Amino acid sequence: MADNSQQLRNPIQVSNLCHYLPSQESNPKGCSPDDPQLIFIFGWASAELSHLLRYSRQYQAMFPAAAQLIIQCDLTAMALGSTETNVRRQRPILEQLEKLGLFTKNPPRMLIHLLSSGGAAQFHWLALAIDRMPPPPKDAHLPPTCIILDSIPTTFDLANFRRGFAGRFSGPTKLAAIVIATALCIAAQLSAAVSLRPELTTLIHCGLNNPRLVPWVTAATPRLYLYSDVDTLARAPDVRAHMNSARAAGLNVRAVRFEKSAHVLHARVYPEKYWAAVAAQWRDVASARAKL
């Protein structure tokens, strides 16, 4: 849970997708030299900034000196945009990463937090954009890094797409949302069929199990899955199947299961358990690095 004794900071808009929270120049109270220096928060599809700031504020309490990049996912671009269009949209984020030293010999310690498949898709497109950049120096060191996968993966069938898009509405508005969701889902499937982009489920399932998705990640990078028995979008059997595929690919996988929280609501329903799991994951990363 957040410690309100720290003064919370507000992020700066970098693009229509991205907000940046600078690091604090002085060492605030509770800061450790092993803390992450940069935290990525990749939001679920159509998540508003106000929703993602809840995660940002918790991270400010946990790691008060860390910079943050809060990256939103546009549902229409996710469903309809070609791979090339979505990769081009990452340019302002790449420029920010350059300023933060990610392509130098000493990139920062990183915690990458993905929320639902919208967050995973956005991370995938950013990874493709990074892959087009000049590679880091050959003698660049590999920084301590971990990945948090919350409510991932979802399955992009029509029922799930409707449920995810229209679930927050009621009455006549919900009916309209169902119609829009149906149209988006069909259009996304057609876009995949004519090879403008991979099918979303394939993109998420295969992309996340790439051990070198970005230059600072390897097969040994810890990946923490946070999932629930009652999530109807990221269903528990699907999450476990994805974890098993990751383990079979030699990836370093852990998981924390929640019993009664819905999709991307684990942090709200079980805040102590959720953030304790994230903190423990980072402590293990820092501890392993210290032993090298």
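Along the sequence shown, residues carry numbers from 1. Small disclaimer: the values here were computed from a predicted structure and weren't measured.
The side-chain heavy atoms of Phe42 and Leu126, taken from C-beta on, include a pair separated by under 4.5 Å. In this structure, Gln68 and Phe40 have side chains that are not in contact, with every pair of non-hydrogen atoms separated by 4.5 Å or more. Proximity of Leu69 to Cys18: side-chain heavy atoms (C-beta onward) are separated by under 4.5 Å at one or more points. When side chains are defined from C-beta on, Ile93 does not count as touching Val14, because their heavy atoms never get closer than 4.5 Å. The side-chain heavy atoms of Gln37 and Ser23, taken from C-beta on, include no pair separated by under 4.5 Å. Between Arg212 and Val217 the shortest side-chain heavy-atom distance does not fall below 4.5 Å. Side-chain contact check for Met110 versus Pro36: every heavy-atom pair is 4.5 Å or farther apart.
In terms of heavy atoms, Pro215 sits closest to Leu142 at O-CD1, 3.6 Å. In this structure, Leu100 and Pro108 approach most closely via the heavy-atom pair O-CD, 3.9 Å. The shortest non-hydrogen separation linking Pro144 to Trp282 is O-CH2, 3.5 Å. Looking at every heavy atom in both residues, Ser228 comes nearest to Ala236 through O-CB, 3.7 Å. Across all non-hydrogen atoms, the minimal contact from Pro64 to Arg9 is O-NH2, 3.0 Å. Closest non-hydrogen pair, Gly43 versus Cys73, comes out as O-CB, 3.6 Å.
A donor and an acceptor atom, one from each side chain of Tyr274 and Asp150, are located under 3.5 Å apart. The closest side-chain donor-acceptor pair between His266 and Ser151 falls under 3.5 angstrom.
A centroid separation of less than 6.0 Å is found between the aromatic rings of Phe103 and Trp216. Under the 6.0 Å cut-off for aromatic ring centres, His113 and Tyr59 qualify, their centroids lying closer than that.
Judged by distance alone, the side chain of His141 and the main-chain N or O of Lys105 form a donor-acceptor pair under 3.5 Å. In this structure, the side chain of Gln281 does not engage the main chain of Ile148 through any donor-acceptor pair within 3.5 Å. Checked by atom type and distance alone, the side chain of Gln72 pairs as donor or acceptor with a backbone atom of Ala47 at under 3.5 Å. Not a single donor-acceptor pair under 3.5 Å links the side chain of Ser56 to the backbone N or O of Leu52. Within the 3.5 Å criterion, the main-chain N or O of Ser15 finds a donor-acceptor partner in the side chain of Gln13. Of the possible polar contacts, one joining the Ser117 side chain to the Thr154 backbone as a donor-acceptor pair under 3.5 Å is found. No donor-acceptor pair under 3.5 Å is formed between the side chain of Trp275 and the backbone N or O of Met62.
A chain of hydrophobic side-chain contacts below 4.5 Å, direct or via other Ile, Leu, Val, Met, Phe, Trp or Tyr residues, connects Leu111 to Val264. Note on Val269 and Val256: same hydrophobic cluster, where clusters join Ile, Leu, Val, Met, Phe, Trp and Tyr whose side-chain heavy atoms are under 4.5 Å apart, directly or indirectly. Residues Val87 and Leu17 are members of separate hydrophobic clusters, defined by side-chain heavy-atom contacts under 4.5 angstrom among Ile, Leu, Val, Met, Phe, Trp and Tyr. Grouping the Ile, Leu, Val, Met, Phe, Trp and Tyr side chains by contacts below 4.5 angstrom, directly or via other members, places Tyr20 with Ile112. Linking Ile, Leu, Val, Met, Phe, Trp and Tyr whenever their side-chain heavy atoms come within less than 4.5 Å leaves Leu97 and Leu21 in two separate clusters.
Here the straight-line distance linking atom CG of Leu226 with atom CD1 of Ile152 works out to 9.0 Å at 0.5 Å rounding. The CD1 atom of Ile130 sits 7.5 Å away from the CG atom of Leu102 when rounded to the nearest 0.5 Å. Taking OG1 of Thr104 as the start and CD of Glu98 as the end, the distance is 11.0 Å to the nearest 0.5 Å. Atom CD1 of residue Ile71 and atom CD of residue Gln96 lie 10.0 Å apart, to the nearest 0.5 angstrom.
Remark: Arg254 pairs with Asp284 by the salt bridge (Lys or Arg N to Asp or Glu O under 4.0 Å) rule, at least two apart or across chains.
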I'd like to know whether Arg91 forms a salt bridge (Lys or Arg N to Asp or Glu O under 4.0 Å) with Glu95, so could you lay out the CA-CA distance, the side-chain angles of the two residues, the decisive distance to 0.1 Å, and finally the verdict. CA-CA 6 Å; Arg91 185 65 227 177; Glu95 292 171 358; 3.6 Å; yes
Applying side chain to side chain donor-acceptor pair (under 3.5 Å), run through Gln90 and Gln122 and close with a yes or a no.
CA-CA 9 Å; Gln90 312 307 312; Gln122 188 63 41; 2.8 Å; yes
| task | Please report the C-alpha distance between Thr83 and Leu128 in whole Å, then the side-chain angles of each, then the deciding distance to 0.1 Å, and finally whether the side-chain contact (heavy atoms from CB on, under 4.5 Å) criterion is met. | result | CA-CA 9 Å; Thr83 297; Leu128 292 178; 3.7 Å; yes
*Could you go step by step and tell me if Thr221 and Arg223 meet the side-chain contact (heavy atoms from CB on, under 4.5 Å) rule?*
CA-CA 6 Å; Thr221 299; Arg223 291 159 166 84; 4.0 Å; yes
*Could you walk me through whether Asn16 and Asp74 pass the side-chain contact (heavy atoms from CB on, under 4.5 Å) check?*
CA-CA 9 Å; Asn16 62 338; Asp74 182 304; 5.9 Å; no
- Can you check side-chain contact (heavy atoms from CB on, under 4.5 Å) on Ile70 and Leu53, steps first, answer last? CA-CA 8 Å; Ile70 305 167; Leu53 286 177; 4.0 Å; yes
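The residue from Asp231, Thr232, Asp238 that alone fulfils the side chain to side chain donor-acceptor pair (under 3.5 Å) condition with Arg235 is Asp238. Here the rule is side chain to side chain donor-acceptor pair (under 3.5 Å) with Tyr225, and of Arg257, Arg240, His242 only His242 fits it.
Ion pairing of Arg54 with Glu48 is absent here, as no side-chain N (NZ or NE/NH1/NH2) approaches a carboxylate O to less than 4.0 Å. Asp35 and Arg109 are not joined by a salt bridge, as no carboxylate oxygen comes within less than 4.0 angstrom of a charged side-chain nitrogen.
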